[in-house]
Amino acid sequence: MPKRFFVARPHVVLHPLVMLEGGLTQIEIRAFAELASMAGASKAYVWQGPRLTTEQLGKRSFPEDGRLLFP
C-alpha cells in the first residue's frame, strides 16, 4: 500500500501597502486571491487598513479601522 503525504496549505493574508482612493475592486481582490491560491494557499484574504504587525497576524486580531476581504 503506497504511503500518502499530506501537505499543510497555509491561509494567507495579503496586504497591499499602497492606499488607493476608491479601494480595491472585486476583480483586484479576486486576482490577489488567485495569486495566493496558485502559490499553494488554501484560503486567501485581502486586508485593507493600517499596517499589520506580526503579533496581530499571529493572533488573528485585526484592527476595527480596516476590512478583511474574502473573494
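Note that this is a predicted model, so its numbers are computed, not measured.
L24 and V13 fall into different hydrophobic clusters, where Ile, Leu, Val, Met, Phe, Trp and Tyr are joined by side-chain heavy atoms under 4.5 Å apart, directly or via other members. There is no path of hydrophobic side-chain contacts, each under 4.5 Å, that joins I29 to L68. Placement of L69 and F62 in two distinct hydrophobic clusters is found when ILVMFWY residues are connected by side-chain heavy-atom separations under 4.5 Å, directly or transitively.
Between F70 and Y45, the ring planes lie tilted relative to each other; the angle falls in the 30° to 60° range.
Within the model, atoms NZ of K43 and NE2 of H11 stand 5.5 Å from one another, a figure rounded to the nearest 0.5 Å. In this structure, E28 CD and L14 CG are separated by 13.0 Å, a value rounded to the nearest 0.5 Å.
Applying the 6.0 Å contact sphere to CD of E55 captures no more than 12 heavy atoms from other residues, nucleotides or ligands.
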Output side-chain donor-acceptor pairs under 3.5 Å for residues 30-41, partner residues at least two apart or in another chain, one line each.
none

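When all heavy atoms of R51 and Q56 are compared, the pair lying nearest together is O-OE1, 4.0 Å.
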